[in-house]
There are 2 protein chains.
Amino acid sequence: MTTYHHGDLRAALLRAAGELLEKDGVESLSLREAARRAGVSHNAPYRHFPDRESLLAALAAEGFELLERELGERPAAELGLAYVEFALARPQRFRLMFGGQRAQAAAGYVNLRGFAGLGDEAPLAAAAAWSLVHGLANLILEGHFAAAQRESGGGAAFAAKVLGSVRLARAQRTA
Amino acid sequence: MTTYHHGDLRAALLRAAGELLEKDGVESLSLREAARRAGVSHNAPYRHFPDRESLLAALAAEGFELLERELGERPAAELGLAYVEFALARPQRFRLMFGGQRAQAAAGYVNLRGFAGLGDEAPLAAAAAWSLVHGLANLILEGHFAAAQRESGGGAAFAAKVLGSVRLARAQRTA
DNA sequence: ACCTGAACACCGTTCAAGT
DNA sequence: ACCTGAACACCGTTCAAGT
């Protein structure tokens, strides 16, 4: 019973907070509710996190590890699509990772140079590739391509089309 | 003196809330503080906005009008850069407009087909162009290109380089 | 060290009332 | 219609105490 808060309260808090995050988003994630779910007083979290913001930072860090892992399992040609799929599968986590000033943790974290055959060409090309998939993920997530998605049969399918069309344009160039 | 709340309390609230937003971001924008700044009771805002969320939606809508206006003043070749510049000039407004579920108001709002010579080619190309500039704006805003920005002499300069390199790639293709 | 309850200064939102 | 003060159920954070 009283097991839980004997060394892994931090982990229990992160798990509870992660569930709350993915359910309702950052804005309605409270330290007190996470503590409640972990079975401790509203005050206990301060033993492991100096404030709410650093709990959020830890959740974001988890997200970056997960993203890195998932990108690592895919061939270079699918990196862009994998990035979008990650965002669509964990929208709230993705928003937390890349929204609102919490980004320091991520700076330079995600390496997409391999995306779409861009190889190691140039830093500018890598920046463009990352920007493309990141913007696509965001805009799909927020519903800005709702109509086109419906035609394509879902967000991931639409993303594949868009990324495919870019790849095609590049292929035509080199051909 | 008692002028203010005689018809334009709504406007006064939006102005106060806009200042708070641009100062500290959405998360620390409270209805009560906006009311205080507008010189009314913490309760008065409910005469004009059913809840906090719809005040935020109104602020986002203002942002979209402003973005549209600013894009409209630039030649087609500069639309992408203008988009990024808007984001860098009003980071908190931009985050509000495109962050966290508030996007319905914007769906299909921004038309970037003219960007980078993409013309009316295809919806997929337009989606790619918007994604590129949107992702670039976001990633610059959150500090993910900090090092490259320093070399380029600022976020806007870096954005111009990235967008220039993409345009170049397309030009090479058609040449 | 780790956890607790009480307390403080905030919130958003609702309600009964005033003009 | 528009505004008010009081009240409710929440927050994040701090503090003095307990083990």
Side-chain angles (χ1 to χ4, degrees), chain A residues 1-61 92 95-96 99-102 104-105, chain B residues 1-61 92 95-96 99-102 104-105:
Chain A
M1 279 301 135
T2 53
T3 52
Y4 229 14
H5 355 70
H6 289 110
D8 62 351
L9 173 56
R10 190 191 144 91
L13 284 169
L14 279 175
R15 192 163 52 78
E19 288 168 11
L20 290 170
L21 169 68
E22 269 149 38
K23 187 163 66 72
D24 288 324
V26 216
E27 300 208 357
S28 39
L29 193 174
S30 82
L31 230 38
R32 290 173 97 116
E33 178 65 22
R36 243 172 260 130
R37 296 215 172 193
V40 294
S41 86
H42 67 271
N43 222 320
Y46 288 91
R47 293 295 133 192
H48 299 274
F49 304 97
D51 53 23
R52 179 179 183 269
E53 190 52 38
S54 72
L55 172 64
L56 297 184
L59 285 174
Q92 302 291 8
R95 284 197 190 97
L96 173 67
Q101 291 134 327
R102 224 131 11 220
Q104 331 78 305
Chain B
M1 277 301 134
T2 54
T3 53
Y4 231 14
H5 356 70
H6 290 108
D8 60 353
L9 173 55
R10 189 191 144 93
L13 284 169
L14 280 174
R15 194 163 50 78
E19 287 169 11
L20 290 170
L21 169 67
E22 270 150 35
K23 187 162 65 76
D24 288 323
V26 215
E27 300 208 358
S28 39
L29 194 175
S30 82
L31 229 39
R32 290 173 96 116
E33 177 64 22
R36 243 172 261 131
R37 295 216 172 191
V40 294
S41 86
H42 67 270
N43 224 320
Y46 288 91
R47 293 296 133 193
H48 300 273
F49 304 97
D51 53 22
R52 179 178 183 269
E53 190 52 37
S54 73
L55 171 64
L56 296 184
L59 285 174
Q92 302 291 8
R95 284 198 191 95
L96 173 67
Q101 292 134 326
R102 225 133 7 222
Q104 331 79 304

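Only heavy atoms go into these numbers, but all of them, side chains included; no hydrogens, no water, no symmetry mates. In what follows, chains carry the letters A, B, and so on, assigned in the order in which the sequence lines appear, proteins first and then strands, with residues in each chain numbered from 1.
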Calculate the interatomic distance between [X] atom [atom1] and [N] atom [atom2]; express it in whole Å.
X	N	atom1	atom2	result
B/His48	D/dT4	NE2	C1'	14 Å
B/Arg10	D/dA1	CZ	P	18 Å
A/Glu33	D/dA9	CD	C1'	13 Å
B/Arg36	D/dC3	CZ	P	17 Å
B/Phe49	C/dG12	CZ	P	14 Å
B/Leu13	D/dC3	CG	C1'	12 Å

**Request:** Answer yes or no: does a side-chain N or O of A/Ser30 lie under 4.0 Å from OP1 or OP2 of D/dC11?
**Result:**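 Yes, because at least one side-chain N or O of A/Ser30 sits under 4.0 Å from OP1 or OP2 of D/dC11.
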For the [atom1] atom of [X] and the [atom2] atom of [Y], what is their distance to the nearest 0.5 Å?
X	Y	atom1	atom2	answer
A/Glu53	A/Leu31	CD	CG	11.0 Å
B/Leu29	B/Glu19	CG	CD	11.0 Å
B/Leu14	B/Leu59	CG	CG	5.5 Å
A/Glu27	A/Gln92	CD	CD	9.5 Å

With both pairing distances under 3.5 angstrom for Watson-Crick or G-U wobble, and | for a partner in another strand, the correct string for DNA chain C is ||.|||||...|||||.||
- Evaluate the side-chain proximity of B/Leu21 to B/Val26: yes if any heavy-atom separation is below 4.5 Å, no if none is.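 Yes, at least one pair of side-chain atoms sits under 4.5 Å.
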Worksheet item: Are any non-hydrogen side-chain atoms of A/Leu9 and A/His48 less than 4.5 angstrom apart?
Response: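 Touching, per the 4.5 Å side-chain cut-off.
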(message) Which residues pass the salt bridge (Lys or Arg N to Asp or Glu O under 4.0 Å) test with B/Arg36, not counting sequence neighbours?
(response)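 Salt bridge (Lys or Arg N to Asp or Glu O under 4.0 Å) check on B/Arg36 returns B/Glu33.
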With sugar-phosphate taken as primed atoms, P, OP1 and OP2 and all else as base, the protein-contact string of nucleotides 13-19 of chain D at under 4.0 Å (heavy atoms; B, S, -) is BBB----
Taking every non-hydrogen atom, the tightest pair across A/Ala34 and A/Leu20:
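Residues A/Ala34 and A/Leu20, closest heavy atoms: N-CD1, 3.7 Å.
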